[in-house]
Amino acid sequence: MRLSRFPIATTKETPADAEIVSHRLMLRAGLIRKLGAGLYTWMPLGLRTLRKIESIVREEMNRAGAVELLMPSIQPAELWQESGRWDVMGDEMLRIKDRHKNDFCYGPTHEEVITAIVRADVRSYRQLPINYYQIQTKFRDERRPRFGVMRAREFLMKDAYSFSTTAEDLSQQYELMREAYIRIFTRVGADFRPVQADSGNIGGAKSEEFHILALAGEDLLAVSTEGSYAANVEAAETKASGPRAAATATLEKVSTPGQKTCEQVSKFMKVPLTAKVKLMVAKAADGGLIGIAVRGDHEINPIKAAKHPKVASPFEMAKIEDVQKAFGCEVGYLGPVNAPIPVIADFAASELADFVCGANEVDHHLKGVNWGRDCAEPETADLRMIVEGDPSPDGVGTIRLLRGIEGGHIFQLGQKYSKAMSLTVQGENGEAITPEMGCYGIGVSRMAAAVIEQSHDANGIVWPDAIAPFRVIVTPIGTDKSPAAKAAAETLYEQLIGAGVDALLDDRGLRPGPMFADADLIGIPHRIVIGDKGLAASQFEYKHRRADKAEMIPATLDAVLAKLG
RNA sequence: CGGGGCGUAGCUCAGCUUGGUAGAGCGCUUGCUUCGGGAGCAAGAGGUCGCAGGUUCAAAUCCUGUCGCCCCGACCA
C-alpha cells in the first residue's frame with residue numbers, strides 16, 4: 001500500500017478523554033475514531049490489525065474442528081423469554097422494537113440463537129459433537145463504557161458453542177478449545193495467562209478466562225508464586241487454616257467515640273486490623289438480613305457470598321436504614337455479639353480468638369471477644385476476597401496479585417440452555433438426550449487494544465509481526481533531490497508486494513522527521529530507509545521497531561526478506 | 001443509578017467571574033526557502049460558540065430546560 005493513497009490520520013495531540021495508553025495510541029495512530037459513547041469506527045489502518053486477529057482466530061478455530069456460521073445481530077425477544085433470560089439480563093441488553101411493536105434485542109451473546117438452530121437441525125446423536133462459531137458484532141449497554149475499544153458497547157467477538165451427548169465429551173470439546181485458545185493468544189503475540197474463573201450469569205460449571213497481562217487490566221488475578229495455580233480473584237478460593245487459639249481474654253466493652261471504620265478502631269485501640277472482626281449486613285436468601293463476619297483486613301467476595309445458601313443471589317448489601325432498624329444502632333459499631341440477625345463467618349474471621357468487634361451500641365466496641373463463648377459459634381464458609389500473601393489454595397506457594405485484561409473465556413455450560421429450550425437429540429437406543437453445551441468467547445476488538453497495552457514505547461505502538469497492519473515500511477529519504485532513492489524505494493516496494501509481504505511505501509515526499517514519527521506511532525515492525533548515502537554503497541538501512549539503532553544491509557530484496565524472517 | 005465536570009475552528013484549548021466587533025496553538029490551502037527524527041517565513045480558508053427558551057438596547061458570557069460527552073462512585077459499615 002502506498003501512503004499517498006492510504007489515509008492515515010495520525011496526530012501529535014493527545015486526545016483529551018483517553019485515559020489509558022492503548023486508547024490514546026489507537027486514537028493518535030488513527031486506528032479508531034469515536035462515534036459515540038462506546039461506539040468506534042475502525043479506520044483502515046486499525047481494521048487491518050482487526051482482520052489479522054480475526055484470521056488467526058478463524059484459522060485456529062477451524063483447526064480445532066469448529067464450524068463457522070453467522071447469526072443475526074438482532075434477535076427476537078421470544079428466544080430470550082424461552083431461556084428465561086429476557087427478564088434476567090437487565091439494562092445491559094439493548095432492547096428494541098420493530099414497526100409492529102414486537103420486542104427484539106441487539107444480541108449481547110448468542111446462546112439462545114444457536115440452541116434454537118441446533119434444535120431445528122440436529123436430530124441424532126450421530127451428528128454430535130458439533131462446535132459452531134461466529135465472528136460477530138455484539139452490543140452490551142455497559143453502564144460505563146471506557147478505555148476505547150477495551151470496554152466498548154459495540155464490539156467484535158468470536159463466540160463458539162459446542163454440543164455434546166455426554167459430559168465426558170463436553171470436557172473433551174472444552175479441552176480442544178482450551179488448546180486452540182493457547183495457540184491463538186500465542187500467535188497474536190500476547191503475554192497471557194489462563195486462569196480459573198467464575199462463570200457469572202451465563203451459568204455452568206467449569207470455566208477459565210484467558211487474561212492478557214497489563215497494568216491497565218480491569219481484573220485482578222491471583223497467581224501462585226511457585227505453583228501453577230492461577231485464578232481470577234472473583235473465583236479464587238481461600239481455605240480454613242486450622243483450629244483457633246483458646247480464649248484467654250475476658251469480654252470488655254470499650255468506649256470508641258466516633259470510631260466507625262475498622263482502620264479507625266484499630267488505630268484507636270492499638271490492635272492490628274487482623275485482630276478485628278467486621279460485621280457486614282447483606283440481604284438474606286429468605287428476604288431478611290444476614291450478617292457476614294470477615295476479618296478487619298478482609299473484604300467480602302460478593303460472588304462467593306452469593307453462593308452461600310443463606311445469602312441472597314445476586315449478592316446485595318442491606319439498606320443502611322434496614323440495618324439500623326434491626327440493630328437499633330448506627331452501622332460502624334456492628335458485631336456478632338447479641339446480633340439480632342443470623343451471622344455467618346468467613347473462615348479467617350472464625351479462626352480469631354480474643355478479637356475486637358462492634359458492640360452494637362453507638363460509640364462502643366468490644367474486646368476480648370470469643371466465638372462460642374460470647375456469641376454463637378457461627379456457621380463458617382469461604383466468603384472473602386483472596387489477598388496478596390495468602391497461601392495458594394492448591395497448597396503450593398503463596399498468592400501474588402496481577403492485573404489482566406480478559407481476552408477470552410471458556411465455559412462448560414452443561415444443560416442450562418438445552419434444558420430450558422427443550423433441545424434433545426435421539427440416542428443410540430431411541431432415547432432423548434439433552435446435549436451438554438460449552439461456550440467459548442474471544443474479544444477480538446479488545447485484543448487489539450490489549451496487545452498495545454503490553455507492547456508500546458514513548459514513540460507509539462510496537463506491533464507484533466502477526467497482527468501489525470503492515471509488516472514493513474519502505475521510507476525513501478531526500479526524494480526531492482534523489483530520483484535514485486525514490487526509484488530504489490519503488491522497486492523494493494514492488495518486489496516486496498510481489499513476494500507476498502504486507503509492505504507500506506511512504507511515498508508522501510515528506511521530510512524524514514514526520515515519516516519516522518508516523519512509522520513509529522503506527523508501530524510497523526520493520527523499517528527500510530533508502531537514501532543517497534546508503535545507495536552509494538549499495539546499502540539499505542534496516543531498523544526493527546524495537547531496536548535502538550538502525551543497521552546497514554545490502555540493497556537487495558533477499559537481504560530485506562532475511563531481516564523480516 | 002448517585003455525585004462532579006465539560007460542550008467555542010478538523011484537533012487541543014483560551015475567552016464566560018465583571019454581557020459590548022470570535023481568539024491561540026496544531027492541522028489545512030498557496031508561494032518561497034528547507035530536507036536523516038513532527039522545519040522557517042509570508043499570505044489565506046475555516047466557527048448559526050451543542051440545542052431550545054428566557055432576561056437585556058445588546059448573550060459564547062447571566063437564568064431555565066434539554067441533549068451529548070467525560071470523570072468518580074456504586075459491599076468496604
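Labels below follow one simple rule: chain letters A, B, ... track the order of the sequence lines, proteins then strands, and each chain is numbered from 1. Just so you know, these numbers come straight off a predicted model, no measurement behind them.
- Among B:rA77, B:rG36, B:rA74, the nucleotide with an atom closest to any side-chain atom of A:M280 is B:rA77.
- The partner of B:rC32, taking Watson-Crick or G-U wobble pairs whose two distances both stay under 3.5 Å, is B:rG40.
- Within the 4.5 Å cutoff, the side chain of A:C105 has heavy atoms near those of the A:W80 side chain.
- Between the side chains of A:R546 and A:S455, at least one donor N or O sits under 3.5 Å from an acceptor N or O.
- Taking atom P on both nucleotides, B:rC75 is separated from B:rU17 by 41 Å, rounded to a whole Å.
- Near RNA chain B, meaning a heavy atom under 4.0 Å away, the residues from residues 468-494 of chain A are A:I477, A:D480, A:K481.
- Both distances falling under 3.5 Å, in either a Watson-Crick or a G-U wobble arrangement, occur for no nucleotide opposite B:rG46.
- Using the Watson-Crick or G-U wobble rule with both distances under 3.5 Å, B:rC62 pairs with B:rG54.
- What separates CE of A:M552 from C1' of B:rG36 is a distance of 12 Å, to the nearest Å.
- Shown here, B:rU12 forms a base pair with B:rA24; the pair counts as Watson-Crick or G-U wobble because both key distances fall under 3.5 Å.
- Residues A:D518 and A:K276 both approach RNA chain B. Their nearest nucleotides, taken by heavy-atom distance, put A:D518 toward the 5′ side.
- For a distance-only test at 3.5 Å, the side chain of A:R527 qualifies as a donor-acceptor partner of the base of B:rG37.
- No donor-acceptor pair closer than 3.5 Å links the side chain of A:R33 to the backbone N or O of A:A9.
- Under the salt bridge (Lys or Arg N to Asp or Glu O under 4.0 Å) criterion, the residue pairs touching residues 336-363 of chain A are A:K253-A:E361, A:D346-A:R384, with sequence neighbours excluded.
- Applying the side-chain hydrogen bond (donor to acceptor under 3.5 Å, both in side chains) test to residues at least two apart or on different chains, the pairs with a partner in residues 314-323 of chain A are A:K283-A:E316.
- If you measure from atom CZ of A:F516 to atom C1' of B:rG38, you get 12 Å, rounded to the nearest angstrom.
- Checking B:rG37, B:rG38, B:rA77 against every side-chain atom of A:D520, the shortest atom distance belongs to B:rG37.
- Atom CD1 in A:I522 sits roughly 19 Å away from atom P in B:rG37 (whole-Å rounding).
- Remark: the A:D297 side chain and the A:T274 side chain contain no N/O donor-acceptor pair separated by less than 3.5 Å.
- Of all nucleotides present, none satisfies the Watson-Crick or G-U wobble test against B:rA77 with each distance under 3.5 Å.
- Separating the CG atom of A:D141 from the P atom of B:rC1 is a distance of 11 Å, rounded to the nearest angstrom.
- Side-chain N/O atoms of A:T475 and A:D506 include no donor and acceptor closer than 3.5 Å.
- Counted by atom type alone, A:H456 and A:S22 present zero donor-acceptor pairs between their side chains at under 3.5 Å.
- Candidate nucleotides B:rG37, B:rC71, B:rC75 were compared by shortest atom distance to the side chain of A:R146, and B:rC71 ranks first.
- Residue pairs satisfying the ring-ring contact (aromatic ring centres under 6.0 Å, His included) criterion with at least one member in residues 284-315 of chain A, sequence neighbours excluded, are absent.
- For residues 297-305 of chain A, proximity to RNA chain B is found at A:E299, A:I300, A:P302, defined as any non-hydrogen atom under 4.0 angstrom from a strand atom.
- In this structure, the CD1 atom of A:I20 is 10 Å from the P atom of B:rC71, given to the nearest Å.
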Polar atom pairs (N or O), protein with nucleotides 67-69 of chain B, under 3.5 Å:
residue	atom	partner	partner atom	Å
B:rC69	OP1	A:A37	N	3.2
B:rC69	O3'	A:K34	NZ	3.0

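- At whole-Å resolution of the value, CZ in A:F147 and C1' in B:rC70 are 12 Å apart.
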Using atom names, set out every protein N or O paired with an N or O of nucleotides 23-28 of chain B below 3.5 Å, distance rounded to 0.1 Å.
residue	atom	partner	partner atom	Å
B:rG25	N2	A:E13	OE2	2.9

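- Here B:rG38 presents its C1' atom at 9 Å from CZ of A:R511, a figure rounded to the nearest Å.
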Close N or O pairs between protein and nucleotides 2-4 of chain B (under 3.5 Å):
none

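- The ring pair (Phe, Tyr, Trp, His ring centres under 6.0 Å) search around A:F470 returns A:F6, not counting sequence neighbours.
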Pairwise N/O distances under 3.5 Å, protein to nucleotides 45-47 of chain B:
none

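- The two residues A:A326 and A:P340 make their nearest non-hydrogen contact at O-CG, 3.1 Å.
- Judged by distance alone, the side chain of A:R28 and the main-chain N or O of A:T11 form a donor-acceptor pair under 3.5 Å.
- Between A:T10 and A:M385, the residue whose closest nucleotide on RNA chain B is further toward the 5' end is A:T10.
- In the region residues 533-550 of chain A, proximity to RNA chain B at under 4.0 angstrom, judged on heavy atoms, holds for A:E541.
- Pair check for B:rU17 finds none; no Watson-Crick or G-U wobble contact set falls under 3.5 Å.
- Separation of the C1' atoms belonging to B:rU61 and B:rG23 is 15 Å when rounded to the nearest angstrom.
- Here ring-ring contact (aromatic ring centres under 6.0 Å, His included) pairs that include residues 341-377 of chain A, with residues two or more places apart or in two chains, are A:Y333-A:H365, A:F355-A:W371.
- No more than 12 heavy atoms of other residues, nucleotides or ligands shown are found within 6.0 angstrom of NZ on A:K367.
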